[in-house]
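Take a look at the structure below.
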Amino acid sequence: MDFAKLKQLLQDKKEPSFRFKQISKSYYSGRFDSFENMTDISKDLRKFLSANLNYLSLKPIKTSVGEQTEKVLLETHDGQKIESVLMNYDEWITVCVSSQVGCPLACKFCATGKMGFKRNLTTDEIVDQIIFWNQKLFPKYVGRIVLMGMGEPFLNWDNVISAINIINSKEGLDIGVRKISISTAGVVDRIDDFANLNTQINLAVSLHSADQKKRESIMPIARQYSLEDLKKSCDLYAKKTKRQIFFEYALMSGVNDSLEDLSKIIKFIQSNHLFYLNIIPLNKVDGGMTPSNTNTFNQFIYGLEKARINFSIRKSFGQSLDAACGQLVAKN
Ligand code: SAH
């Protein structure tokens, strides 16, 4: 919802000042799905607001339900389509949020990268993905957010940061910063800006290789920002915030799963005690890479264990729905 417009409309109607807070609180809770149903305000005001303001800025087109996972295809006012995923497998209901329509980074293994870039999402469009789920879940609600959907959040900096402020604020969704994670493919300048924000929002970096040439071959952004520069910024971030950084590494057959790759990633993670490695099984994407075979996967894990580095293997949910990491694409 466009809150600036809501404020203006309420002023035009000479409503008391508490009305704005009342409506926004109801809105964020997901208790209602339209002004018409907002039974705690007068009929007249409901009618006026419905006539002058869109409620949710996104229109759900299709939902798919899987085991502990649900995916929705949402349409924007200009007919663009994005996806958002709900994961319900531990104490907090987590939502994976998109930051752009498509993505300009074209990582070779990622479905979103293959659809190209359409545009940035607005702050409302980012927040409303969560409101959509809150409406569906009410009286339950989303407790954790990961900005790991479609797009590169650090290339839509202003809108993403404003959205996070709303998500975090007491008057907004009131989700603690430690329950918000943002993942970047390595937009180095923005990692520096992020460090300067001095926030406790979790930072994840999609690394996928600790070898410059190999990283370039799967992630074109590595040509713009070298591994060396990326590491420098991550070191600075860790020093400044004293927070861990989560490096994402999806094992791809013949690409980043050799013994040489293993020793390079071990060295990289060992170089800073705040670096943490997340091994992700590669999810299938048309025309993408092949996941490492079980033997190679296990050997790689054994090597990481032997080196005693900080790592975990992230389970992959939502594969049956094409709703797992890197599988989001607006095919409809
Ligand atoms: N642009 C951001 C966030 C979106 S992708 C980024 O790159 O971090 C979210 C995560 O999914 C990233 O870690 C990304 O590298 C990973 N990912 C992309 N395609 C994948 C695939 N096919 N299998 C597993 N993980 C993938």
Side-chain angles (χ1 to χ4, degrees), residues 69 71 82-85 87 94-118 120-121 126 129 145-157 159-160 163-164 180-188 190-191 194 201-210 214-222 224-225 230 233-234 245-253 255-257 265 276-292 297 311-330:
T69 319
K71 182 169 83 164
I82 53 162
E83 291 186 322
S84 174
V85 180
M87 293 160 279
T94 303
V95 161
C96 181
V97 172
S98 293
S99 56
Q100 299 183 311
V101 186
C103 183
L105 297 184
C107 297
K108 293 255 164 71
F109 45 85
C110 176
T112 311
K114 296 195 182 304
M115 68 179 275
F117 174 66
K118 304 278 161 43
N120 281 330
L121 291 176
I126 297 170
Q129 293 170 59
I145 302 296
V146 294
L147 275 142
M148 296 187 183
M150 297 166 75
E152 168 53 45
F154 278 0
L155 290 181
N156 185 13
W157 177 264
N159 296 345
V160 163
I164 289 179
I180 305 172
S181 302
I182 190 160
S183 179
T184 177
V187 182
V188 167
R190 289 309 191 188
I191 294 176
F194 194 68
I201 299 165
N202 302 300
L203 178 65
V205 174
S206 302
L207 191 64
H208 302 302
S209 174
K214 282 197 176 181
R215 195 160 185 269
E216 276 178 23
S217 75
I218 49 174
M219 302 179 72
I221 191 180
Q224 189 182 348
Y225 299 106
L230 178 62
S233 285
C234 290
I245 302 186
F246 301 88
F247 290 94
E248 317 278 287
Y249 198 107
L251 280 165
M252 307 174 205
S253 179
V255 175
N256 62 1
D257 62 354
I265 187 63
Y276 189 95
L277 183 66
N278 270 329
I279 295 290
I280 329 174
L282 183 78
N283 298 306
K284 289 248 166 63
V285 161
D286 287 347
M289 304 345 215
T290 317
S292 301
F297 189 96
F311 84 101
S312 60
I313 306 171
R314 220 172 60 192
K315 275 194 231 154
S316 183
F317 293 89
Q319 283 188 60
S320 60
L321 292 179
D322 277 351
C325 281
Q327 290 186 317
L328 300 187
V329 61

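Below, all heavy atoms of this structure are taken into account, side chains as well, without hydrogens, waters or symmetry copies. One-based numbering, in listed order, for ligands and for the atoms of each.
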Exercise for review: Go through ligand 1 atom by atom and flag the ones less than 4.0 Å from a non-hydrogen atom of Gly151.
Suggested key: 1 (N), 2 (C), 3 (C), 4 (C)
Revision key, fill the gap. Under 4.0 Å from one or more heavy atoms of Val285, ligand 1 contributes atoms 22 (N)
Study note, to complete from the structure: atom 18 (C) of ligand 1 sits nearest the protein heavy atom Gly326 CA, 3.3 Å
Study note, to complete from the structure: Counting from 1 in the order shown, the ligand 1 atoms closer than 4.0 Å to a non-hydrogen atom of Glu248 are 13 (O)
Exercise for review: Heavy-atom distances under 4.0 Å are what count here, so tell me which part of Leu105 touches ligand 1: side chain, backbone, both or neither.
Suggested key: neither
Exercise for review: Verify ring pair (Phe, Tyr, Trp, His ring centres under 6.0 Å) between Phe154 and Phe194, making sure each step is shown before the conclusion.
Suggested key: CA-CA 9 Å; Phe154 278 0; Phe194 194 68; 5.5 Å; yes
Check your understanding: Can you find an N/O atom of Pro281 closer than 3.5 Å to an N/O atom of ligand 1?
Key -> no
Exercise for review: Output the distance between atom CD1 (Ile191) and atom SG (Cys234), rounded to the nearest 0.5 Å.
Suggested key: 4.5 Å
Check your understanding: Are His208 and Phe109 close enough, and set up right, to give a ring pair (Phe, Tyr, Trp, His ring centres under 6.0 Å), and what steps lead you there?
Key -> CA-CA 10 Å; His208 302 302; Phe109 45 85; 4.6 Å; yes
Check your understanding: Side chains of Val95 and Val146: does their closest heavy-atom pair fall under 4.5 Å?
Key -> no
Review point. Would you say Pro153 has any N or O atom under 3.5 Å from an N or O of ligand 1, going by distance alone?
Key: no
**Study point:** Identity and separation of the nearest protein heavy atom to atom 2 (C) of ligand 1
**Key:** Ser183 O, 3.3 Å
Review point. In this structure, are over 12 heavy atoms from other groups packed under 6.0 Å from Lys114 atom NZ?
Key: yes
**Study point:** Between CE on residue Met150 and OG1 on residue Thr112, distance to nearest 0.5 Å
**Key:** 5.0 Å
Point to revise | Shortest protein contact, atom 9 (C) of ligand 1 (heavy atom only) | key: Met148 O, 3.5 Å
Point to revise | Ala204 touching ligand 1 at heavy-atom level, < 4.0 angstrom | key: no
Exercise for review: Taking the side chain as every heavy atom from C-beta outward, state whether Pro291 and Phe297 have any atom pair closer than 4.5 Å.
Suggested key: no
Check your understanding: Heavy-atom distance to atom 14 (C) of ligand 1: which of Ala111, Ser206, Gly288, Pro291 wins?
Key -> Ser206
Exercise for review: Identify, for atom 4 (C) of ligand 1, the protein heavy atom at the shortest distance, and state residue, atom and that distance.
Suggested key: Gly149 O, 3.3 Å
Check your understanding: Does the side chain of Gln129 reach to within under 4.5 Å of the side chain of Ile82, using non-hydrogen atoms?
Key -> yes
Check your understanding: Nearest to atom 21 (C) of ligand 1, what protein heavy atom do you find, and at what distance?
Key -> Cys325 O, 3.4 Å
Check your understanding: Of Val97, Ile164, Asn202, which meets side chain to side chain contact (heavy atoms under 4.5 Å, CB included) against Ile180?
Key -> Ile164
Review point. For atom 15 (O) of ligand 1, what is the nearest protein heavy atom, given as residue, atom name and distance?
Key: His208 NE2, 2.6 Å
Review point. Under a 4.5 Å cut-off applied to non-hydrogen side-chain atoms, are Ile218 and Met252 in contact?
Key: yes
Review point. Any side-chain heavy-atom pair from Thr184 and Glu152 closer than 4.5 angstrom?
Key: yes
Exercise for review: Have a look at ligand 1 and work out which part of Glu152, if any, has a heavy atom under 4.0 Å from it: side chain, backbone, both or neither.
Suggested key: both
Point to revise | Nearest non-hydrogen protein atom, atom 22 (N) of ligand 1 | key: Phe109 O, 2.8 Å
Review point. Just heavy atoms, cut-off under 4.0 Å: does Asn283 contact ligand 1 by side chain, backbone, both, or neither?
Key: both
Check your understanding: Any side-chain donor paired with an acceptor under 3.5 Å for Asn278 and Glu248?
Key -> yes
Review point. Is it true that Cys107 lies under 4.0 Å from ligand 1, counting heavy atoms only?
Key: no
Check your understanding: Applying a strict 4.0 Å limit to heavy atoms, is Met150 in contact with ligand 1?
Key -> no
